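Down below is the structure, laid out as structure tokens.
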Amino acid sequence: MTGLVVDGSGFELVLGDERIGPRRVLGRADVEFLEELAARYVRAVQAGSGDVLLGLGRELFGWLDGERGQLRVWL
């Protein structure tokens, strides 16, 4: 399995059978960030705004990458 594994307490990035970096807790700030990002995504899709979608993708990548650069290590 490769991807993002999420449950009620947090998430981890997985590549094959290996975790990429430590499990991360989902705090209130994370939930608020993701809710706002999702709302902005819906507005951008409805408006057909590709530039906004690119920016949102970059924001999401930065959040997933985290302080330890988990995605950059994988890539």
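Note that the structure is a prediction, hence the values are computed from the model and not measured.
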Please tabulate, for the side chains in residues 41-53, all donor-acceptor contacts under 3.5 angstrom to protein atoms that are two or more places apart in sequence or on a different chain.
none

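For the atom pair CG (Leu64) and CG (Leu71), the distance works out to 5.5 Å, reported to the nearest 0.5 Å. To the nearest 0.5 Å, atom CG of residue Leu34 and atom CH2 of residue Trp63 are 4.5 Å apart.
Contact annotation: the side chain of Leu4 approaches that of Leu13 to within less than 4.5 Å [non-hydrogen atoms, C-beta and beyond].
Residues Val25 and Ile20 do not share a hydrophobic cluster, defined by chaining ILVMFWY side chains whose heavy atoms lie under 4.5 Å apart.
Under the side-chain hydrogen bond (donor to acceptor under 3.5 Å, both in side chains) criterion, Asp7 pairs with Ser9, Arg23, not counting sequence neighbours.
The backbone N or O of Glu12 sits nowhere less than 3.5 Å from a side-chain atom of Gln70 that would complete a donor-acceptor pair.
Among pairs with a residue in residues 59-75, those fulfilling salt bridge (Lys or Arg N to Asp or Glu O under 4.0 Å) read Arg40-Glu59, Asp65-Arg72, at least two apart in sequence or across chains.
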